[in-house]
Structures are given as C-alpha cells and as structure tokens.
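To start, the structure itself, in structure tokens.
FYI, side chains are in, hydrogens and waters are out, and symmetry mates aren't considered; it's all heavy atoms of this structure.
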Amino acid sequence: MRKDETIRLYEALIDGRVVGNLAYETTGGRVSLTHSYVDEDQRHRGIASALAR
C-alpha cells in the first residue's frame, strides 16, 4: 500500500504492480473517500476493504 499525495490516491500493490486505488480529498483536516477501483482479476480479495481501512 502506498499513498500518493500529489494525485490524492491510496494505491494497492501486488508484486510492485498497482491493482487498485482509492481517491480521496481533504478539507479542513477531514478526509473524504471519493472513488475506488480494483482490477477485475483482483476483485473479491479484500483489496478495496484494505484501501478503505
């Protein structure tokens, strides 16, 4: 897992490859999760849940 603050994404990695991401916005110290995506072949493995945590 890594966080890219320049494009406001949390990214899930498997073997160095990005397999999912979670976009976020910050306003006044609050973080809002706005959109998530997980590669179709990696779904149902808990990746989106891990990103949200």
Side-chain angles (χ1 to χ4, degrees):
M1 187 91 57
R2 70 180 172 201
K3 180 180 180 181
D4 187 333
E5 292 182 18
T6 60
I7 56 174
R8 295 185 308 269
L9 282 179
Y10 291 101
E11 297 176 317
L13 300 134
I14 295 179
D15 296 328
R17 181 174 72 95
V18 176
V19 296
N21 59 52
L22 178 63
Y24 67 92
E25 296 178 3
T26 56
T27 306
R30 298 184 84 167
V31 176
S32 299
L33 306 177
T34 60
H35 178 79
S36 65
Y37 176 81
V38 175
D39 289 349
E40 192 171 326
D41 63 331
Q42 298 297 322
R43 293 181 184 167
H44 307 291
R45 298 183 63 191
I47 293 170
S49 295
L51 284 165
R53 279 193 292 279

Requested in this report: Tell me, with the steps shown, if L13 and R2 meet side-chain contact (heavy atoms from CB on, under 4.5 Å).
Outcome: CA-CA 8 Å; L13 300 134; R2 70 180 172 201; 3.9 Å; yes

Report task. Applying side-chain contact (heavy atoms from CB on, under 4.5 Å), run through V19 and E11 and close with a yes or a no. Result -> CA-CA 8 Å; V19 296; E11 297 176 317; over 6 Å; no

Report task. Evaluate the criterion side-chain contact (heavy atoms from CB on, under 4.5 Å) for residue pair K3 and Y24; output intermediate values, then yes/no. Result -> CA-CA 10 Å; K3 180 180 180 181; Y24 67 92; 3.1 Å; yes

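Using a 4.5 Å cut-off between side-chain heavy atoms of Ile, Leu, Val, Met, Phe, Trp and Tyr, I7 falls into a hydrophobic cluster with L9.
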Return all side-chain donor-acceptor pairs below 3.5 angstrom for residues 41-53, not counting sequence neighbours, or 'none' if the list is empty.
unit_1	atom_1	unit_2	atom_2	d
Q42	OE1	R45	NH1	2.3
R43	NE	V38	O	2.8
R43	NH2	V38	O	3.1

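Distance check, rounded to the nearest 0.5 Å: CG of N21 to CE of M1 gives 11.0 Å.
Side-chain heavy atoms closer than 4.5 Å link hydrophobic residues (I, L, V, M, F, W, Y) into clusters, and following such links, even through other members, never connects V18 to L33.
Residue-environment remark: CZ (R30) stays at or below the threshold of 12 foreign heavy atoms within 6.0 Å.
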